Amino acid sequence: MSCRYGIAHFYDLVPVQAAQVLVQQLREDLLARKLQARMKVAQEGVNGWITGPLGDVESYCEHLRADFPKVFEKTDFKISPCSEGELSRGVKVWESTSVCKLLDRAEEYEALSNCTRAPHLTPEEWHQKLCDGKDLVLFDVRNLYETRIGRFCEDAPGVVDSVDPQTLSYEQVPGFLSKESNLSRFKGKTVMMYCTGGVRCERASSLLCSHLGETAEVFQLEGGIHRYLEKFPSGGFFQGAMYVFDRRRAVRGYDLLGEAQHERQILGTCCLCGSSWEMYQGKWKCGECKMPILICLQCQGRCSHAG
């Protein structure tokens, strides 16, 4: 399948000197090259994505590695195809206090940054461990609306438990891990942490390890679900679709590779009629908690946003 446009997701935890200067340089650079972007720059690193013509996106990632080596030399750019309608709009690059906010207080965040992070498993190692590991506990650190449309299956051979904290935002993870009843599900087990691209597991794994100490072995999936689906495009042990924060909203392994789509397994359901549905469209949200909700096309035509 020929793809004209592409998107590069990335993050890196590296010291960034003069973050505001880098923000200005990247903003001007992206505008000059007529690319689109959403990018956070913090003292601890960078996080975001770039869209545009596929060849231009690929060459720009190489440009970042070559011309900004202190920040991007070892960055894992996850490049995949998208349609013209899925390109981001404009360039938004800004300075942030963190690449992915987990804690509010600066002193707590600084202390966590010095804690050991869980070791990474490559997608192949992750898959093999799910095949022949023992006493495995899956820990999905994504939000509830993400896990509703896709997740690693609980019935993988080595899995004895699957923990979904059902958070509305990443900042709720520390509260979940502060409760002994939740931590007890990990103790004495091998914990397999995962998220979309890996960035949320970096800090969350440090927090979990600091709580568990020597009572559990903790691993995180290198490159997140994204890299796993590239290696196992039919899904492997991952069921459903991977939620993404760009305009695609939901993707599968074959989408990431730009290949023809095979049979789909849809986990999500319309919250009104219960039919199979996985696309978050029209900015539909819960009236109480404001979480994105799934409304199928048929139900969208029968009710209003107010309803």
Side-chain angles (χ1 to χ4, degrees), residues 2-102 109-110 113-114 117 120 122-123 195-203 220-231 244-248 251 255-258:
S2 177
C3 302
R4 291 181 55 196
Y5 299 96
I7 181 167
H9 276 267
F10 61 92
Y11 78 90
D12 214 337
L13 296 177
V14 292
V16 175
Q17 305 297 327
Q20 189 55 52
V21 173
L22 181 59
V23 165
Q24 190 62 32
Q25 289 176 323
L26 292 173
R27 186 182 292 138
E28 293 175 357
D29 204 15
L30 287 158
L31 287 170
R33 293 169 184 260
K34 297 182 179 180
L35 296 172
Q36 307 83 41
R38 300 290 183 274
M39 195 185 308
K40 293 182 186 178
V41 178
Q43 290 185 353
E44 66 165 355
V46 291
N47 183 21
W49 69 80
I50 302 162
T51 69
L54 183 57
D56 293 348
V57 170
E58 291 172 335
S59 62
Y60 188 72
C61 291
E62 291 304 315
H63 156 69
L64 289 177
R65 286 197 180 101
D67 290 12
F68 301 91
K70 291 183 179 180
V71 179
F72 294 104
E73 184 177 21
K74 297 181 179 180
T75 301
D76 176 23
F77 291 101
K78 304 175 183 72
I79 302 175
S80 53
C82 69
S83 68
E84 184 176 8
E86 293 167 335
L87 296 174
S88 293
R89 295 172 180 171
V91 172
K92 293 184 180 179
V93 185
W94 69 97
E95 185 177 7
S96 177
T97 55
S98 63
V99 295
C100 196
K101 188 178 179 182
L102 182 64
Y109 201 83
E110 184 176 354
S113 299
N114 295 323
R117 285 176 262 160
H120 297 87
T122 65
C195 61
T196 308
V199 65
R200 283 178 278 186
C201 283
E202 298 287 4
R203 292 297 184 228
Q220 57 178 314
L221 175 56
E222 184 176 78
I225 302 165
H226 191 293
R227 285 299 189 208
Y228 180 86
L229 289 178
E230 286 181 339
K231 293 294 183 181
V244 289
F245 291 92
D246 58 68
R247 299 184 70 191
R248 294 173 299 174
V251 296
D255 297 320
L256 299 176
L257 299 178

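Residue indices begin at 1 and follow the sequence shown. Keep in mind that what you see is a predicted model, and the values were worked out from it rather than measured.
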Which value, rounded to the nearest 0.5 Å, describes the distance between [X] atom [atom1] and [Y] atom [atom2]?
X	Y	atom1	atom2	result
Gln43	Ser98	CD	OG	11.0 Å
Gln220	Arg200	CD	CZ	13.0 Å
Lys70	Leu22	NZ	CG	12.0 Å
Glu73	Asp12	CD	CG	10.0 Å
Asp255	Cys82	CG	SG	11.0 Å
Arg65	Asp67	CZ	CG	12.5 Å

Identify the heavy atoms of [X] and [Y] that sit nearest to each other, and give their distance.
X	Y	answer
Gly6	Leu87	O-CD2, 4.4 Å
Ser96	Ala42	O-CB, 3.2 Å
Ser80	Arg248	OG-NH1, 3.1 Å
Arg117	Leu13	NH1-CD1, 3.4 Å
Ile7	Val57	C-CG1, 4.4 Å
Arg38	Gly90	NH1-O, 3.2 Å

Test: Arg247 and Glu86 ion pair at under 4.0 Å:
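The answer is no: the pair does not qualify as a salt bridge.
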
Validation row: Met39, Trp94 side chains within 4.5 angstrom (heavy atoms)
no

Side-chain heavy atoms of Phe10 within contact of Asn47, under 4.5 Å
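The answer is no; the side chains never approach within 4.5 Å.
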
Going by distance alone, is a donor N or O of one side chain under 3.5 Å from an acceptor N or O of the other, for [X] and [Y]?
X	Y	value
Arg33	Ser59	no
Tyr228	Glu222	no
Tyr11	Asp76	no
Glu28	Gln24	yes

Just do the side chain to side chain contact (heavy atoms under 4.5 Å, CB included) check on Val46 and Lys40 with the steps written out, would you?
CA-CA 6 Å; Val46 291; Lys40 293 182 186 178; over 6 Å; no

With side chain to side chain contact (heavy atoms under 4.5 Å, CB included) as the test, would you mind laying out the steps for Phe77 and Glu58 before giving the verdict?
CA-CA 9 Å; Phe77 291 101; Glu58 291 172 335; over 6 Å; no

Test side chain to side chain contact (heavy atoms under 4.5 Å, CB included) on His226 and Val244; report intermediate values, then the result.
CA-CA 10 Å; His226 191 293; Val244 289; 5.7 Å; no

Angle between ring planes, Tyr60 versus His63, binned at 30° and 60°: parallel, tilted or perpendicular?
tilted

Kindly say whether Val99 contributes a backbone atom to a donor-acceptor pair with the side chain of Glu44 at under 3.5 angstrom?
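Yes, the answer is positive, given that a donor and an acceptor are paired below the 3.5 Å cut-off.
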
What donor-acceptor contacts under 3.5 angstrom involve side-chain atoms of residues 49-56, with partners at least two apart or in another chain?
residue: Trp49; atom: NE1; partner: Ser88; partner atom: OG; Å: 2.7
residue: Thr51; atom: OG1; partner: Gln36; partner atom: OE1; Å: 2.7
residue: Thr51; atom: OG1; partner: Ser88; partner atom: N; Å: 3.2

Under the side chain to side chain contact (heavy atoms under 4.5 Å, CB included) rule, what do Val41 and Val71 come out as? Steps first, then yes or no, please.
CA-CA 10 Å; Val41 178; Val71 179; over 6 Å; no

